[in-house]
Amino acid sequence: MTRRELDAAGITDPELRTAYARCRHLNARHGKTYFLATRLLPVVHRPAVHALYGFARWADDIVDDLDSTATTAERAEALLRLERHLSASLRDGSRGQPVVAALADTAARYAIEPRHFTDFLRSMRSDLEVSEYATYADLRSYMHGSAAVIGLQMLPVLGTVVPREEAEPHAAALGVAFQLTNFLRDVGEDLDRGRLYLPLDLLAAHGVDRDLLQWSRDTKTGDRRITSMLRTAAHLTRDVYRQAAPGIAMLAPVSRPCIRTAFVLYGTILDAIADDGYAVLHRRAVVPRRQRAAVACDGLVRLALARTRGAPAPAHPRSTAPRLRGVEGPWSSWKETA
């Protein structure tokens, strides 16, 4: 966390400054794509975003850290302690763990609904108990807490030019789109953790099951049924991006370049997956650094224009959407059409 960001946000307490710095480190280490986009936010808002994402990463590490020798019971107990600590901090401002202190301070500054954090931790706990989801509806229920609420937490920080409740469905959809992208990119790594975030009905519609995925992962051998299933999952994810896109124009003008940049960058991850032949079970798809830099530079230009023009009328939602390849409309079934 730079001194300029903390000063701009009015964070003067040395302990809190250290806490926010810890959150920034977590965001930079775990979320490179979104961290890059965050650099396009006004400096006054960056500490809050780092606190929100830093807390999410902290909780996720409790659940998913592969280097940890903690048992499932020990991880569950750690999550429970985190929830109790957070509840106390949100209630009376008590401090202790730095990441929680920064989050509670951000929640107070921006009047973020505590239930969003409760819903998030509920989904984190389910990761210790649930290893797969029968249907997309089941997965969406999980993603409400693990992803949609992140978008809802962000809205008070980003600001809107419409009533907040009008922007909330789009913000929630964007959080889901980002997480679906991660699920698709990381399906092999998630299998290594014993989890599968692709719905079983999607797999079955393409003649795929968990054993086939594991075989492909273990042998580094492709299978056309798996490729077909992953392509359909990508189409579904692109449709969620379409649902999220109108919300960008509902944000405060100076916040739009940041979120649009994240929107485009995550969309290019889907393109990278497709360009690599949907080989996500064998290797991680990577967006070239030059392409990432080009998207960030476009965001800088948009930010400069937003600052010089003041607060222009929201652009038409279609102008905010990146090129999403291979999508003709909403998908009504899991099966690919010819």
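Keep in mind that the numbers below use all heavy atoms, side chains included, and drop hydrogens, waters and symmetry copies.
- Note: the hydrophobic cluster containing F183 does not contain V286 (ILVMFWY, side chain heavy atoms under 4.5 Å, direct or indirect links).
- Interatomic distance, D60 CG to F120 CZ, rounded to the nearest 0.5 Å: 6.5 Å.
- Looking at residues two or more places apart in sequence or on another chain, you find no salt bridge (Lys or Arg N to Asp or Glu O under 4.0 Å) involving D209.
- A salt bridge does not link R4 to D7: none of the charged nitrogens lies less than 4.0 Å from a carboxylate oxygen.
- In this structure, the separation between CZ on R84 and OG on S89 is 14.0 Å, given to the nearest 0.5 Å.
- The ring-ring contact (aromatic ring centres under 6.0 Å, His included) search around Y142 returns Y133, Y197, not counting sequence neighbours.
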Please tabulate, for side-chain N and O atoms in residues 155-175, each donor-acceptor pair with protein atoms closer than 3.5 Å (sequence neighbours left out).
from, atom 1, to, atom 2, distance (Å)
T160, OG1, V162, O, 2.7
H170, ND1, Q243, O, 2.9

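- Among residues two or more places apart in sequence or in another chain, the side chain to side chain contact (heavy atoms under 4.5 Å, CB included) test is passed with A177 by V240, Y241.
- Of the possible polar contacts, one joining the R256 side chain to the L251 backbone as a donor-acceptor pair under 3.5 Å is found.
- A distance-only check finds no donor-acceptor pair linking the side chain of R260 to the backbone of I248 [under 3.5 Å].
- Contacts classified as side chain to side chain donor-acceptor pair (under 3.5 Å) and involving residues 146-156 (residues at least two apart or in different chains) are given here: S146-Q179.
- Of the possible polar contacts, none joining the S141 side chain to the A137 backbone as a donor-acceptor pair under 3.5 Å is found.
- Under a 3.5 Å cut-off, the side chain of R75 and the backbone N or O of I62 do form a donor-acceptor pair.
- A chain of hydrophobic side-chain contacts below 4.5 Å, direct or via other Ile, Leu, Val, Met, Phe, Trp or Tyr residues, connects V63 to V130.
- Taking the charged nitrogens against the carboxylate oxygens, R109 and D105 do have a contact shorter than 4.0 Å, which makes a salt bridge.
- With sequence neighbours excluded, the residues that form a side chain to side chain donor-acceptor pair (under 3.5 Å) with R283 are D276.
- H45 pairs by the side chain to side chain donor-acceptor pair (under 3.5 Å) definition with Y110, not counting sequence neighbours.
- R193 and D127 are not joined by a salt bridge, as no carboxylate oxygen comes within less than 4.0 angstrom of a charged side-chain nitrogen.
- Not counting sequence neighbours, the partners of E113 by the salt bridge (Lys or Arg N to Asp or Glu O under 4.0 Å) test are R115.
- Taking R91 as the reference, nothing meets the salt bridge (Lys or Arg N to Asp or Glu O under 4.0 Å) condition, with sequence neighbours excluded.
- One hydrophobic cluster, built from ILVMFWY side chains closer than 4.5 Å, holds both Y278 and L198.
- Side chain of Q214 to backbone of D211: no donor-acceptor contact under 3.5 angstrom is found.
- D138 meets the salt bridge (Lys or Arg N to Asp or Glu O under 4.0 Å) test with no other residue; sequence neighbours excluded.
- Partners of E77 by side chain to side chain donor-acceptor pair (under 3.5 Å), not counting sequence neighbours: none found.
- Look at E132 and R210 and you find a salt bridge, because one of the NZ, NE, NH1 or NH2 atoms lies within 4.0 Å of a carboxylate O, short of that distance.
- Using a cut-off of 4.0 Å between Lys/Arg side-chain N and Asp/Glu carboxylate O, D190 and R185 are scored as not salt-bridged.
- Judged by distance alone, with hydrogens and angles left aside, the side-chain atoms of S228 form no donor-acceptor pair with the main-chain N or O of R225 at under 3.5 Å.
- Evaluation of the side chain to side chain donor-acceptor pair (under 3.5 Å) rule for E83 yields R125 as partners, not counting sequence neighbours.
- Between the side chains of H282 and S216, at least one donor N or O lies within less than 3.5 Å of an accepting N or O.
- At a threshold of 4.5 Å between non-hydrogen side-chain atoms, the residues I269 and L265 do not count as touching.
- Transitive grouping of hydrophobic side chains (ILVMFWY, heavy atoms separated by less than 4.5 Å) brings L103 and W58 into a common cluster.
- Two different hydrophobic clusters hold Y20 and V44 under the rule that ILVMFWY side chains link at heavy-atom gaps under 4.5 Å.
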